[in-house]
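Below is one structure; the comments refer to it alone.
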There are 2 protein chains.
Amino acid sequence: MKSPSQPRDRGIPEATVARLPLYLRALNGMAERGIATVSSEDLAAAAGVNSAKLRKDLSHLGSYGTRGVGYDVEYLVYQISRELGLTQDWAVAIVGVGNLGRALANYGGFVSRGFRIAALLDADPEIVGDDIAGLNVEHIDELEAVIGRRGVSIVVLATPAVAAQEVCDRVVSAGVTSILNFAPVVLSVPDSVDVRKVDLSIELQILAFHEQRKAGGPLMAVDSQ
Amino acid sequence: MKSPSQPRDRGIPEATVARLPLYLRALNGMAERGIATVSSEDLAAAAGVNSAKLRKDLSHLGSYGTRGVGYDVEYLVYQISRELGLTQDWAVAIVGVGNLGRALANYGGFVSRGFRIAALLDADPEIVGDDIAGLNVEHIDELEAVIGRRGVSIVVLATPAVAAQEVCDRVVSAGVTSILNFAPVVLSVPDSVDVRKVDLSIELQILAFHEQRKAGGPLMAVDSQ
DNA sequence: ATCCCTTTGTGAACCGACGCACAAAGTCGC
DNA sequence: GCGACTTTGTGCGTCGGTTCACAAAGGGAT
């Protein structure tokens with residue numbers, strides 16, 4: 001016998017966590033369009049996944065659907081937001097204000113989802129002092145002070161590759177345990193620190209691999225099978 | 001007989017393909033530092049993976065190591081490059097020249113790996129005609145013509161969300177079968193088309209989830225590991 | 001109130017990926 | 001030339017994730 005308010009299972013599979021933001025976005029779109037209830041089938045279609053998978057994912061958060069009806073859009077938005085920790089606001093610092101850092105600072109998708117850019121930092125004196133997305137770019141020397149003073153808990157690394165590890169070390173020393181890394185290097189951090197990596201060129205290389213396959217690559221001419 | 005050229009297995013696991021670029025980067029770094037040979041242990045450490053996994057990954061391309069010695073760095077670079085299709089040069093078009101598109105256009109990691117930005121396209125007349133990263137921004141009306149004329153085979157979508165599906169449809173009609181999508185929407189495409197998605201805000205949300213856990217989220221008791 | 005229809009939540013089979021651990025293969029020193 | 005040592009390549013147990021398929025649960029119609 002499970003109490004309906006059974007707090008969600010503490011062990012949510014990583015694969016599920018990675019899809020929750022997808023569901024959340026789809027649900028937000030539906031809420032805006034005034035849709036009150038949605039079936040797993042429809043929501044799965046909107047998120048581009050299999051409906052059984054979606055139901056299993058949601059079941060990890062608790063039993064929030066109604067059989068024969070579906071899920072209440074607004075309630076589900078709230079539950080997923082809470083699970084992802086988006087009901088609080090997260091102070092994010094972006095280190096490295098080159099082209100990419102600038103793009104990130106201006107990217108609306110962050111702010112709209114519980115994230116607040118609390119600082120922009122760079123080492124280049126040419127850039128320090130600039131105003132970008134309504135924020136003043138501060139010098140990297142201020143890193144630790146800024147992190148402490150503004151309660152930064154997530155850092156985005158958009159520095160050149162050579163600087164990434166050093167900045168990372170300082171950030172970790174300052175107590176940050178969540179890092180989003182855009183620099184094309186493998187960061188070494190303590191186990192307690194979470195690093196997610198986004199590498200634009202890797203994605204392209206994976207595409208190239210498949211494209212080569214489809215095209216029947218130059219060297220794979222006659223010998224297949 | 002240099003040719004144990006067991007034509008590499010055609011069925012390379014997706015997970016392996018996703019790691020090959022990682023190995024390639026590590027190997028390139030070693031080559032630059034003049035390292036001629038590397039063991040699976042060392043290369044695995046540099047790429048941040050388990051050495052058994054690395055050996056199994058490489059074994060899918062063929063038997064390119066020497067027992068008791070390791071792998072020849074330069075030869076392995078060549079083999080992986082060839083497998084990924086990086087020995088040819090790929091013409092890439094970037095559609096959407098906002099902050100992100102600009103950052104991508106200026107990102108050096110592409111060019112250095114067999115990718116050539118062949119076109120920048122945008123719908124905004126304010127932007128069309130600008131020179132960015134040495135390229136002239138062209139109007140989106142030219143999309144099909146540019147794709148055909150310059151042999152573009154990979155398209156990067158960096159448009160606003162609302163425009164993405166429409167541009168995607170046109171791109172697919174023009175014969176492109178590989179798309180890297182930065183717009184926060186689920187694109188609908190034929191099965192024959194490959195779409196990879198990069199979503200910056202999703203990565204942050206995943207970090208927030210783990211951060212909340214670590215911090216002992218609002219409803220969370222004492223059981224964090 | 002009862003029956004039928006819809007949709008959830010999940011048991012269970014399946015599939016791919018991971019990593020251990022070891023035999024095979026090759027090098028190097030003597 | 002030979003034996004000890006190093007390192008690859010892989011068989012195999014395990015695990016997490018995906019999917020199918022269905023019983024249970026609820027709503028609505030009559």
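Lettering of chains follows the sequences in order, A, B, ..., and the numbering in each one begins at 1. Remember, it's a predicted structure, so these values are computed and weren't measured experimentally. Only heavy atoms go into these numbers, but all of them, side chains included; no hydrogens, no water, no symmetry mates.
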Could you give the CG-to-P distance, from D72(B) to dG26(C), as a whole number of Å? 16 Å
So, using ring pair (Phe, Tyr, Trp, His ring centres under 6.0 Å) as the criterion, who are the partners of Y75(A) when residues are at least two apart? Y64(A)
Please table the atom pairs, donor to acceptor, closer than 3.5 Å between any side-chain atom in residues 185-192 of chain B and protein atoms at least two apart or in another chain.
none

Holding to side-chain hydrogen bond (donor to acceptor under 3.5 Å, both in side chains), I want the full list of residues that pass it with D89(B), two or more places apart in sequence or in another chain. R116(B)
Does any pair with a residue in residues 28-57 of chain A pass salt bridge (Lys or Arg N to Asp or Glu O under 4.0 Å), and if so which ones, sequence neighbours excluded? R19(A)-D57(A)
According to the salt bridge (Lys or Arg N to Asp or Glu O under 4.0 Å) rule, which pairs have a member within residues 193-212 of chain B, sequence neighbours left out? R25(A)-D199(B), R196(A)-E203(B), E203(A)-R196(B), K214(A)-D194(B), K197(B)-D199(B), E211(B)-K214(B)
Reckon N50(A) has a side-chain N or O less than 4.0 Å from the OP1 or OP2 of dC20(D)? yes
Interface with DNA chain C, restricted to residues 16-33 of chain B and to heavy atoms under 4.0 Å: R19(B)
Report the residues that fulfil salt bridge (Lys or Arg N to Asp or Glu O under 4.0 Å) with E144(A), sequence neighbours left out, ordered by chain and then residue number. R170(A)
Residues two or more places apart in sequence or in another chain: which of them pass salt bridge (Lys or Arg N to Asp or Glu O under 4.0 Å) with R102(B)? none
Can you measure Y64(B) atom OH to dT7(D) atom C1' for me and round it to whole angstrom units? 19 Å
Take atom CD of E41(B) and atom P of dC20(C), then tell me their distance rounded to the nearest Å. 10 Å
Under 3.5 Å, which protein N or O atoms sit close to an N or O of nucleotides 23-30 of chain D? Give each pair with its distance.
| residue | atom | partner | partner atom | Å |
| --- | --- | --- | --- | --- |
| dA24(D) | N3 | R67(A) | NH1 | 2.7 |
| dA25(D) | O4' | R67(A) | NE | 3.4 |

Report the distance from atom CG of D57(A) to atom P of dG16(D), rounded to the nearest whole Å. 16 Å
In whole angstroms, the gap separating C1' of dG17(D) from CG of L54(A) amounts to 15 Å
Run L86(A) and L24(A) through side-chain contact (heavy atoms from CB on, under 4.5 Å) and show every step you take. CA-CA 11 Å; L86(A) 304 182; L24(A) 188 54; 3.6 Å; yes
Starting from P on dC20(D), measure out to CZ on R55(A) and report it in whole angstrom. 11 Å
Run the numbers on Q205(B) and I80(A) for side-chain contact (heavy atoms from CB on, under 4.5 Å), then give the verdict. CA-CA 11 Å; Q205(B) 291 175 58; I80(A) 295 180; over 6 Å; no
L58(A) CG to dG9(C) C1': how many Å, rounded? 11 Å
Extract from the structure each pairing of a protein N or O with an N or O of nucleotides 12-16 of chain C at less than 3.5 Å, listing the distance.
| residue | atom | partner | partner atom | Å |
| --- | --- | --- | --- | --- |
| dA12(C) | N6 | K56(A) | NZ | 2.8 |

Compare side-chain N and O positions of S40(B) against OP1 and OP2 of dT8(D) and report whether any pair is under 4.0 Å apart. yes
Separation of dG9(C) C1' from L43(A) CG (nearest whole Å): 15 Å
It should be established whether Y71(A) places a side-chain nitrogen or oxygen under 4.0 Å from OP1 or OP2 of nucleotide dG9(C). yes
My understanding is that only residues two or more places apart in sequence, or in another chain, count here; which of them pass ring pair (Phe, Tyr, Trp, His ring centres under 6.0 Å) with Y23(B)? none
Which of these nucleotides, dG19(C), dC22(D), dT7(D), is closest to any side-chain atom of K53(B)? dG19(C)
Sorted by chain and number, sequence neighbours left out, side-chain contact (heavy atoms from CB on, under 4.5 Å) with D169(A) holds for Q165(A)
Of the listed nucleotides dT19(D), dG19(C), dG9(C), the one nearest the side chain of S59(A): dG9(C)
Within 6.0 angstrom of E14(A) CD, more than 12 heavy atoms from elsewhere: yes
